[in-house]
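These figures come from a predicted structure and were not determined experimentally.
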Amino acid sequence: MGESWEVYDIEGDETKVTNGPLKGYSLKELIFEFKGNFIGHSVFKKFNGQFPLLIKFINSKEPLSIQVHPNNEYAKLYHNSFGKNEMWFIMETDLSAEIIIGFNKELRLCSTHKCNKLII
């Protein structure tokens, strides 16, 4: 499995612009300079000028491990960071690939074929 972090703001190891007029600027410096005009005013306010996302590519030929992530309160208390919610965008896959997800609530499928949504 290969993983590359593409856009991130981790203390001491931030994404840097690689070309153009802002070449060499870190993500943190861009947020400081352009504030809400760069990441959105509500995001700037809510996350106190920090970039709240980690954008990465994962190349997995084998099953990934089970992941358990802290909520915001736990992460702040023990790691001085944000909790972790995930969003996956699958760019390419084999026909036999599968993804298994879990929920923190009991779910049930609709009993009729007309309904294609999960009821939470």
Extract all donor-acceptor atom pairs below 3.5 Å that involve side chains of residues 18-26 and protein atoms in other chains or at least two apart in sequence.
| unit_1 | atom_1 | unit_2 | atom_2 | d |
| --- | --- | --- | --- | --- |
| Ser26 | OG | Lys28 | N | 3.4 |
| Ser26 | OG | Glu29 | N | 3.0 |
| Ser26 | OG | Glu29 | OE1 | 3.4 |

Q: State, to 0.1 Å, how close Gly83 and Ala75 come at their nearest heavy-atom pair, and which atoms those are.
A: N-CB, 3.5 Å
Q: Determine whether more than 12 heavy atoms belonging to other residues, nucleotides or ligands lie under 6.0 Å from atom CZ of Phe32.
A: no
Q) Is the backbone of Ala97 close enough, under 3.5 Å, to the side chain of Asp94 for a donor and an acceptor to pair up by distance? A) no
Q.
I'd like to check the side chain to side chain contact (heavy atoms under 4.5 Å, CB included) partners of Phe44; sequence neighbours left out, ordered by chain and number.
A. Ile31, Lys35, Ile39
Q. Is there a donor-acceptor pair closer than 3.5 Å between any side-chain N or O of Glu14 and the backbone N or O of Gly12?
A. yes
Q. Run the side-chain contact (heavy atoms from CB on, under 4.5 Å) check on Thr15 and Trp5 step by step: do they pass?
A. CA-CA 9 Å; Thr15 297; Trp5 290 16; over 6 Å; no
Q) Phe57 versus Met91: any side-chain heavy-atom pair under 4.5 Å? A) yes
Q) Any link between Leu53 and Phe34 through a network of hydrophobic side chains (Ile, Leu, Val, Met, Phe, Trp, Tyr) touching at under 4.5 Å? A) yes
(Q) So, taking the atom named CG in Asn37 and the one named CG in Leu30, what distance separates them when rounded to the nearest 0.5 Å? (A) 12.5 Å
Q: Decide whether Val17 and Ile55 are clustered together by the hydrophobic rule: side chain heavy atoms of Ile, Leu, Val, Met, Phe, Trp, Tyr closer than 4.5 Å, transitively.
A: yes
Q | Within-4.5 Å side-chain heavy-atom neighbours: Phe38 and Leu27 | A | yes
